[in-house]
Amino acid sequence: MSLRATIDFLLDDWLGVESLLQRERFADHSRETFGSVLDTCARIAREKFAPFNRLVDIEEPRSDGERVILPQATHDAWAAYAESGMLSAAQDYDIGGMQLPYTLESAANAFFAKASVSIGAGMLTTGNANLLMVHGTDAQQRVFAFNEFSGRWSGTMCLSEPQAGSSLSDVATRAVPDGADFEAEPLGPRFRLRGNKMWISAGEHELTENIVHLVLAKIPGPDGRLVPGTRGISLFVVPKKMVDAQGRLTGERNDVALAGLNHKCGWRGTTNTLLNFGEGRFRPGGAPGAVGYLVGKPGDGLRCMFHMMNEARIGVGMAATMLGMAGYEASLEYARQRPQGRPIQPRGPAAAGGPGGKDATQPQIPIIEHADVKRMLLAQKSYAEGALALELYCARLVDEQHTGDAASAQDAGLLLEVLTPIAKSWPSEWCLEANSLAIQVHGGYGYTRDFPVEQYWRDNRLNMIHEGTHGIQALDLLGRKVVMDGGAGLKLLATRMSTTIERAGHADGLAERANELAAALQKVGAATKAAWATGVPEEALANATPYLQAFGHLVLAWIWLDVALVAQRQDTPVNLGKKAAMRYFFAYELPKIDAWLGVVSRREPVCREMRDDWY
Ligand SMILES: Cc1cc2nc3c(=O)[nH]c(=O)nc-3n(C[C@H](O)[C@H](O)[C@H](O)COP(=O)(O)OP(=O)(O)OC[C@H]3O[C@@H](n4cnc5c(N)ncnc54)[C@H](O)[C@@H]3O)c2cc1C
């Protein structure tokens, strides 16, 4: 089944996205306009992204000391993406957007992620501009966001520093008011920034005429000290090249300097940089210090940044998912063509067909005929297609949050709080595992660069690290999301799962799966309580990652059962394939939660008790 067919099935038959057309914001759209966006993106991804995926891996970004050089294909891909209008897909018509539902935007972006996840930096640019549309002033929107939406300029997110990754409260970049008239600046209160930002994706390149950095920094108090913790963090828009209030380049370089390129394991089509702000290499306005304009209120920087987090994390989850899907498709094609081995005799004593129950006089069969290879393919299908369903479900919740009535918008927001750590982390772990299985299906060939699967694995390995590491997502889920508001989010999710369990309980052949899901839901609920039984965070959170894994598998089992209810309608090969993936997930994956929840429930102390000198 092609990606397009899978997406159509999930959007039309499962999520019923057509119902969004009844909402005023999407009223000018139709099934046809939705379809043509998907067609266009699939075509651009096929023509401008996929053929260059290996090229951008081999020709990684390099610097001549001043500029960063990227292959021409990356320039062409950026231009085609910008021209498609996808950078402003969800924005209003009157600023040149398409007013596309986020569900469609996500689905359309899936084609690019699968074709070449690292060529485009569109997600960062859109995220940056979307943030300014919510928290920026009119001038900041007009000058910075609009030029990003058009693709003339691109955007970055500058949070991390060499000494501050997971712990953003330790950000040390300083921002001080720039002159007595700093508040009179049309682009927002003007500051001078000094500090180092590490790991900044797309931080330097020549793809666009300017780069808009969104930078977290601290404004020192009257005593010159930085306020500890996240309360002291503010957000600034810092252009690479200085601009006037109309958005014209002034010809001056801002004091943002490339200190070095990071050489990555994968995802090499996107530059990754160490940027020095305010080191004095450039002197905008005749003085050193990077000029930045305050976005939102002082001290509100992290809250502004987090505004975009749900969508950014769904974006990361979707990228991981599409790498899983790419590996699945590649290994499926390979398994259909690779003859190796003979079938195990269907009946009779093993001796009749030699020691392995095989008849050596028979011709070899394609490896897809072996049960163990089928297992590896089914695992990949259940991870990648299940994750795609999860990401689109979450994207649909974002639309509900933005355009639903008050009650359903509130429910969608609550569900997103609980599901976002899963949407980000589950595909990052399991679609990476899918990529490992894709290599395994290829045997020795999979371990070479003659086949694409090793690159998919390397590209995917990033996703458990950025946008909040796996461990940090786990702490967020167990430490905050499932306990907030007296567990309101978890309860609402359980209600949604119970509806599926109820329906599946009456569906032909699904009743047993419904019981298994109900039991798993009960176990996760009990483990949540047991983890917090002593009320000691150190005890509860020591096993947050196994909790995240069990919770994620519960969510995916629910998603698969819900999808199977639709696939149940007719016995086509596509639907039978979906049901087989669901059966695989319940038989091979869901039982794993017992081991994960075991350590959570008894607050297994071995990890937290381990001491440095015992290693
Ligand atoms: C290719 C790439 C692109 C990136 N792009 C960007 C970007 O565009 N902008 C940006 O701002 N950043 C970016 N990042 C940075 C990324 O978000 C950080 O790497 C990430 O947040 C982790 O920070 P760290 O690398 O400092 O690791 P650390 O925070 O040092 O973590 C190391 C390990 O310790 C664990 N750990 C840390 N703290 C805790 C804790 N309190 N409890 C339990 N475990 C903990 C982590 O889970 C992890 O396993 C990028 C990173 C990479 C590799």
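Counting starts at 1 for both ligands and their atoms, following the listed order.
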Who's the nearest protein heavy-atom neighbour of atom 8 (O) of ligand 1, and how far? Ser201 N, 3.0 Å
Assess whether side-chain contact (heavy atoms from CB on, under 4.5 Å) is satisfied between Phe144 and Asn210, documenting all intermediate values. CA-CA 10 Å; Phe144 299 112; Asn210 204 357; 5.8 Å; no
Protein non-hydrogen atom below 4.0 angstrom of atom 29 (O) of ligand 1 present: yes
Considering only non-hydrogen protein atoms, determine which one is nearest to atom 14 (N) of ligand 1 and report residue, atom name and distance to 0.1 Å. Trp199 CB, 3.3 Å
Taking only Lys NZ, Arg NE, NH1 and NH2, and the carboxylate oxygens of Asp or Glu, determine whether Asp178 and Arg192 approach each other closer than 4.0 Å. yes
Leu475, portion touching ligand 1 at heavy-atom distance under 4.0 Å: side chain
Taking the inter-plane angle between the rings of Trp596 and His553 on a 0 to 90° scale, is it parallel (under 30°), tilted (30 to 60°) or perpendicular (over 60°)? perpendicular
Which of the ligand 1 atoms, numbered from 1, are nearer than 4.0 Å to a heavy atom of Asn272: 1 (C), 2 (C), 3 (C), 4 (C), 5 (N)
If you measure every N or O of Ser166 against every N or O of ligand 1, does any of those distances drop under 3.5 Å? yes
Give the single entry among Asn463, Leu462, Leu216, Ile465 that approaches atom 52 (C) of ligand 1 most closely by any heavy atom. Leu462
Considering only protein heavy atoms, determine whether one is less than 4.0 Å from atom 50 (C) of ligand 1. yes
Hey, mind stepping through Gln163 and Asn196 against side chain to side chain donor-acceptor pair (under 3.5 Å) and telling me if it holds? CA-CA 10 Å; Gln163 82 299 341; Asn196 316 108; over 6 Å; no
Considering non-hydrogen atoms of the protein only, which is the closest contact for atom 45 (C) of ligand 1, and what is the distance? Ile472 CD1, 4.3 Å
Determine whether the aromatic ring centres of residues Trp78 and His205 are separated by less than 6.0 angstrom. no
In the protein, what heavy atom is nearest to atom 22 (C) of ligand 1, and what distance, to one decimal place, separates them? Thr469 CG2, 3.8 Å
Are any non-hydrogen side-chain atoms of Lys218 and Arg174 less than 4.5 angstrom apart? no
Would a search of protein heavy atoms around atom 32 (C) of ligand 1 find one under 4.0 Å away? no
Should the pair Arg449-Asp57 be classified as a salt bridge under the 4.0 Å nitrogen-to-oxygen rule? no
Nearest neighbour in protein (non-hydrogen) for atom 26 (O) of ligand 1: Gly165 CA, 3.3 Å
Interfacing atoms of ligand 1 (cut-off 4.0 Å, heavy-atom, Met157): 7 (C), 8 (O), 9 (N), 10 (C), 11 (O)
For atom 18 (C) of ligand 1, the protein heavy atom that lies nearest, with its residue and separation: Ser160 OG, 4.1 Å
Atom of Val453, atom of Ala330 and distance for their closest heavy-atom approach: CG1-CB, 4.0 Å
Carboxylate-amine/guanidinium contact Lys197 Glu204, below 4.0 Å: no
Honestly, for Thr156 the part within reach of ligand 1 (heavy atoms, under 4.0 Å) is neither
The atoms of ligand 1 lying under 4.0 Å from a heavy atom of Lys264, numbered in the order shown, are 1 (C)
For a salt bridge (charged side-chain N to carboxylate O under 4.0 Å, His left out) check, start with the C-alpha distance between Lys264 and Glu60, then their side-chain angles and the critical distance, and finish with the verdict. CA-CA 9 Å; Lys264 294 178 285 178; Glu60 64 176 319; over 6 Å; no
